[in-house]
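The structure appears below as structure tokens.
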Protein chains: 2
Amino acid sequence: MSGAESPPDEFGQIARLFRPLTRGAPEALDLLDDAAVIPSRPGFDLVVTKDALVAGVHFQPGEPPGRTAQRLLRANLSDLAAKGAEPYGYFLMTAWPADFGWAQREAFAEGLRADGEAFNLCLLGGDTVSIKGPLTLSMTLLGWTPSGAMVRRAGAQVGDLVMVSGAIGDGWLDWGVAAGQLDRRWLGADHRLPNPRLDLREPLRRLATSAADVSDGLIADAGHIARASKVGLRLDLDRMPISDAAAAWLATQADPAGARLRLATGGDDYELVLTAPPAAAQALGLPVIGEVVAGEGVEVRFAGARLDPGPGGWRHA
Amino acid sequence: MSGAESPPDEFGQIARLFRPLTRGAPEALDLLDDAAVIPSRPGFDLVVTKDALVAGVHFQPGEPPGRTAQRLLRANLSDLAAKGAEPYGYFLMTAWPADFGWAQREAFAEGLRADGEAFNLCLLGGDTVSIKGPLTLSMTLLGWTPSGAMVRRAGAQVGDLVMVSGAIGDGWLDWGVAAGQLDRRWLGADHRLPNPRLDLREPLRRLATSAADVSDGLIADAGHIARASKVGLRLDLDRMPISDAAAAWLATQADPAGARLRLATGGDDYELVLTAPPAAAQALGLPVIGEVVAGEGVEVRFAGARLDPGPGGWRHA
């Protein structure tokens, strides 16, 4: 397929790019309608999350389109994973710039196709528009939980332990390498795509009192739990699990406290931060990094001293 | 509130602009979570539609933000109206340019507040991002129908009559005035916002075999029905209802067939085009403008002659 091929008309684009992504789901009505219809599923709640990506803000404009598509889908899936939800389907808004050609659109759809298969997700509907500006994408992702079983940000109780599901900070390292600010040797093993922790959804629903995915940064996302739960969280960065790559980078840093803080505020880790009472935490078997206390906000410690994490863990303004 | 006031941080924006729009809906979790949870409603289907607006493509960048918000909501509501669905709630993605200041964001939210009240809709969730480009908006709107009762584009049967719910062409006249291409005297009565025909949802569900809202243009939207239903539609523009303003404009036109074709391809009318068997059509009591025939596509006639409507009725590329 030549990069110079001009796009077909709107119906052609829908037929060639998007209809295969429905994977025959009857709810999508072959994308011949402008609505999808979702039958009731008694005994289950529908969990809905929405995330947007804008070129030049959330990803480099030159990123391969298939990778952008997969990051969009997986960032949304990570939100669902934190809820303990089973992925179901998605709605997609694409605002294409004129110079985002047919071959790029096909590569974008191919990324969605691959991950739709991998995560057993179907496209349910959407809207395709043009934009005199950057590639802009918005996804509404749907999942199911048994009725009343969604894990929320609200729910952490004083006395709960705080855990994370895996290494924190590789998202920041990868971003630093991609932005040319860090040496390539610090890159995570596979310059990885988000790996949403959907594997944890059953124990999460059974044992956790609250959860959030680590997308804004560990400290910021812990703060989301603190705010929604009306409690304080105390985190100990000595106990924060990190990858071998992050450990090697840390060993080169003159200010270990500041360096750990960077890993804990960088974001895009797509692990989960969660809380559970001590017995449930033991059953979960995940690394414990702190506890829930009365009060508000997130208190951060390292090597016995309090650190000031600054106004949050936000990479994007 | 001064136009120069700088926006609060993300949490402040959510609290001040968006939380009031949830109108206390428990599903929205006070927007403190990054998901909404929708309990099952046995006996009902959830109908989901998605529409995007981009400044400079779908609306003039200088349009008052409250009006843009209302048009976004109402265009989506018009999709739901065509399905015979009862509006329920919405998810919103806003990509704000840096120069879309706090006062404009407040005006945008005020438009949503007013129409949320008017149409009994609650904000359920969303995502707010920044963009180095035009104001870009995407809405996912949810509604309910009794199980299996959604009116589709597919369903028109040979022998059905084709009807519209009201005057066609005022959307095009209003657009022409706003774009400076038509004299202001041709403006519809109130330079109107879309008025979604939700009032028709019960008879529509009971009597119509198919429906679409007239957003792309009568002929294009009739084409959507033809394509999805695998039939042909024959429309007679002599029978197309028009407003007094459109009739006055038509009287000034040298080419009445071409002028009617413009009204029928302009779009943004937000009336409904629908099909029903003759007895049901009589019960509906709406203006009949044609019939469903074997074949495909839309055949257009005026004053006894066939017209060529061109490649569709699309205003936006």
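In what follows, chains are A, B, ... by sequence order, proteins preceding strands, each numbered from 1.
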Rounded to the nearest 0.5 Å, what separation is found between the NE2 atom of A:His224 and the CZ atom of B:Phe11?
-> 3.5 Å
Under a 4.5 Å cut-off applied to non-hydrogen side-chain atoms, are A:Val129 and B:Val57 in contact?
-> no
Contacting moiety of A:Asp213, where chain B heavy atoms sit under 4.5 Å | side chain
Under 4.5 Å to a heavy atom of chain B? For A:Arg41 that would be backbone
Nearest heavy-atom contact between B:Ser130 and A:Val54 is O-CG2, 3.7 Å
Ranking A:Ile38, A:Leu29, A:Thr49 by heavy-atom pairs under 4.5 Å to chain B gives rank one to A:Ile38
Minimal non-hydrogen separation, A:Gly43 against B:Ser40, with atom names | N-OG, 3.9 Å
To the nearest 0.5 Å, atom OG1 of B:Thr140 lies from atom OH of A:Tyr90 at 14.0 Å
Sort B:Thr136 into side chain, backbone, both or neither according to what part of it lies under 4.5 angstrom from a heavy atom of chain A.
-> side chain
Per-residue tally against chain B (heavy atom, under 4.5 Å) across A:Leu32, A:Val37, A:Asp34 peaks at A:Asp34
Closest heavy-atom contact between A:Pro134 and B:Pro134?
-> CD-CD, 4.3 Å
Pairs of heavy atoms under 4.5 Å with chain A: top-ranked of B:Leu142, B:Asp51, B:Asp9 | B:Asp51
B:Asp33 to A:Arg153 - nearest heavy-atom pair and separation | OD2-N, 2.8 Å
Tell me, out of A:Ile225, A:Thr128, A:Leu92, who's got the most heavy-atom pairs with chain B below 4.5 Å.
-> A:Leu92
Any side-chain heavy-atom pair of B:Ile131 and A:Ile131 under 4.5 Å | yes
Spacing of NZ belonging to B:Lys50 relative to CG belonging to A:Asp127, to within rounding of 0.5 Å | 8.0 Å
Search all heavy atoms of A:Val47 against all heavy atoms of B:Ala35 and return the closest pair with its distance.
-> CG1-CB, 3.9 Å
Of the listed residues (B:Ser138, B:Gly133, B:Ala82), which shares the most heavy-atom pairs with chain A below a 4.5 Å separation?
-> B:Ser138
For A:Met93, is it the side chain, the backbone, both, or neither that has a heavy atom closer than 4.5 Å to a heavy atom of chain B?
-> both
With chain B, the option among A:Asp45, A:Leu141, A:Thr94, A:Val48 that has the most non-hydrogen atom pairs under 4.5 Å is A:Val48
Go through the atoms of A:Lys132 and report whether side chain, backbone, both or neither lie under 4.5 Å from a heavy atom of chain B.
-> both
At a heavy-atom separation under 4.5 Å, does B:Phe44 approach chain A through its side chain, its backbone, both, or neither?
-> backbone
